[in-house]
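Atoms considered below: every heavy atom in the structure, side chains included; atoms not considered: hydrogens, waters and symmetry mates. Order of the sequence lines fixes the chain letters, A, B, ..., with proteins taken first and strands second; residue numbering starts at 1 for each chain.
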Amino acid sequence: MIRRLAATTLTCMALTAPAAMADVVLADVAELSGAGAAAGAVWHDGVKMAVEEINASGGILGEMIDLKEYDSQTDPQNSRAMVQKAIDEGAYVLLGTVYSSSTVVNMLVAQQNGVPQLTGSESPTITAKGNPYIFRTAFGAQKGLPKLVSYLKDGLGAEKIAVVWANTEFGKGGYDAFMSIADEQGLEIVADVSTEQGQVDFAADVTKVKGSGADAVFVYLTEEESARFLIEAEKQGLELPLGGDTVLVSQKVIDLAGGAADGAFGHVGLSAEAPVPAIQEMAARFQEIYGYSADHNAIKGYIGVYVVKYVTEQIGEFDREKFAETLHGLCLSAADYPGVLMDVCWDETGEMSRESFLVEVVDGSQEITESLPAN
Amino acid sequence: MSEFIQLIVSGLSTGSIYALAAVGFTLLWQASQTINFAQGEFVMVPAFFVLVLTVKMGLPVWLAMPLAVILAVLILGALFKRLIVEPMFRHGTIPLVIATIALGILLKEMVKEFYSPLGQPFPSLFPQTVLKIGNASISVPDIANLIIAMGTIFALQLFLSGTRTGRSMQATAQNPDVAQILGVDIKRMVLYTFLINGALAAIASILITPIYLAKFSNGETLGLVAFIAAIVGGFNQIRGALVGGLLLGVIDNLSAAYFSSEYRQALPMLLLIVIILVRPQGLLGTAEGRTV
């Protein structure tokens, strides 16, 4: 009698229980510690924010996103291991890494396993390797730098440039692109100063720049190094215009460098100060949730998750192969797909194009000085 | 020439801060045969005391900095001696060295976990202004750092040679048995050494962090450079640690500017190798006999 009652109860429970909701796994492999934490941790918060919004509105194709985070520790080999681990644990799409020196290593693992990867990296080499599974969330330096070089030459009238760059995959990519464009534009490079990842003392580098006779300085370093360079430049009274691409004028660098960042200018693909209502609303929500200002990395991470949602909904199933095929050559308009914040297109290499901005740091904030069309 | 002068001055400025940490290495070794491989983290941590006191507790910077020095003296001086050095000391130098390595890792991970893995801005004590001396532009913070660090070391030297307590500390370092027979409270003298090391680390931290930004990993660089500076100058001489620190600061700057920024981190190691081969006791150190 008892056995029958128990069996009946179990049957009833099984029949009346709602169908179990399956989850789709997204893996965020990011620089949560180490030299790149200033970029990776902010990217990760952008990812988390988008996941929470999407889950709150019903998920992707009715499935909730199960976000798994993996710390690359800003170590390329560790990032490779983390990407493999994420794939082994069932990641549908990979998000990250942000540091190019990690992405060029770990994207091979994603490619071998046929897993699409949306990266925050900006080194030109990332999309030049013919990997059909890699996609950017911000365009590569080779697309932004021509706009900056034009500004240096025509906007500032600079002819002699000092270049300070990070001797990493990210820095080398930007450095090569800049040198090539500067050569085409007839700019003379009067100081070529390479620096190391995690470098803490920039006294010698700033002194070299000061003595170079340059009209302006192109700074291509990661977040904390950019801040240290700006602090040292202020300390030594370097009065040359300091320009860079995205990172130099990012909110994180402004927060770290304080008043030393004032006057720095740069080209940015994404900015919380962009005259785009969707971005400003996103940045305001981000500030409310995480208690600090969103920068380009937060926006990249946020957009990345929404791209996964929109592309998956277009193909109607969780199919990695179809996802990669669909995203090549795809354009998403912000009017129809609000999570991408700005109209955006991807080409056949995974490179993207989007409107961008010239900004200057004024009183500790980015000030947009010009909007530039997509190229 | 003006560029060379600027490089020398900023190198001396950074080098004098290295020297503060290197002197701490030397003091602990002299007083208690403790090689503190957590010394870099000892320089990193007081900056976070300042940040906790200012950012989390809302205290003004002028109050937070002396409080951070006091905390460093108590925690990195007295508590370190009581909880790590005293229990491990009787087991010999190697277990103590391993314990300090573990302590360094623990401090680093605790700061990362409980404060932040990200670099943090840190207030500078001095105005970011520049003095023109001839054609050279010398920054006020560089001069101020140099004066404070050198002043601290000279004050320490005066204390050790010019006061009864200082001479008792020296006697304890040179021969604790004889010092005890002569009535010196050697336990107290050793404790003073640890307290002074905590204070030196805190001063170094407050001077260097506006340049480095406050970050859990700062101790890796600082600890290594301070250790090399102490060996290069002479591990058993305060003035040796001073010279070692200054030398490394200047070499680092000159090599980055005139040789190669890629190899700047290797040059101190090369200098260390050369010193060990040519003059193992260090530039100003004296040869020590050891019995087994």
Taking everything shown except B/Lys112 itself, do over 12 heavy atoms lie less than 6.0 Å from its NZ? yes
Within residues 236-252 of chain A, which residues come under 4.5 Å of chain B, heavy atom to heavy atom? A/Gln236, A/Gly237, A/Lys252
Given a strict heavy-atom distance threshold of 4.5 Å, which part of B/Thr14 is in contact with chain A: side chain, backbone, both, or neither? side chain
Expected contact set for residues 212-230 of chain A against chain B at heavy-atom separation under 4.5 Å reads A/Glu224, A/Ala227, A/Arg228
Is it true that atom CZ of B/Phe4 has more than 12 heavy atoms of other residues, nucleotides or ligands lying nearer than 6.0 Å? no
Chain A neighbours within residues 204-215 of chain B, where any heavy atom lies under 4.5 Å away: B/Pro210, B/Ile211, B/Tyr212, B/Leu213, B/Lys215
Specify which of A/Ser194, A/Gly198, A/Ala203 makes the most heavy-atom pairs with chain B at under 4.5 Å. A/Ser194
Heavy-atom contacts under 4.5 Å, residues 253-262 of chain A to chain B: A/Asp255, A/Leu256
Do B/Arg264 and A/Glu196 have side-chain heavy atoms sitting under 4.5 Å apart? no
Let me know if B/Glu220 has heavy atoms under 4.5 Å from chain A in its side chain, its backbone, both or neither. neither
Checking heavy atoms, do the side chain of A/Asp201, its backbone, both or neither come under 4.5 Å from chain B? both
Write down the atom of A/Ala41, the atom of B/Leu118, and the distance for their closest heavy-atom approach. CB-CD2, 3.9 Å
Let me know if A/Glu232 has heavy atoms under 4.5 Å from chain B in its side chain, its backbone, both or neither. side chain
Among the options B/Ser217, B/Ser137, B/Ser10, pick out the one with the most heavy-atom pairs lying under 4.5 Å from chain A. B/Ser137
For the interface with chain A, which of B/Val140, B/Val130, B/Ile138 has the highest count of heavy-atom pairs at distances below 4.5 Å? B/Val130
Whether over 12 other heavy atoms sit under 6.0 Å from B/Tyr263 OH: no
Just give me the residue among B/Thr129, B/Asp252, B/Leu7 that pairs up with chain A most often, heavy atom to heavy atom, under 4.5 Å. B/Leu7
Given heavy-atom pairs under 4.5 angstrom as the criterion, report whether the side chain, backbone, both or neither of B/Phe216 touches chain A. side chain
Atom group of B/Ser255 that falls short of 4.5 Å from chain A, counting heavy atoms: neither
Distance from B/Gln128 atom CD to A/Lys235 atom NZ, nearest 0.5 Å? 7.5 Å
Can you tell me how far OG of A/Ser33 sits from NZ of B/Lys108, rounded to the nearest 0.5 angstrom? 10.0 Å
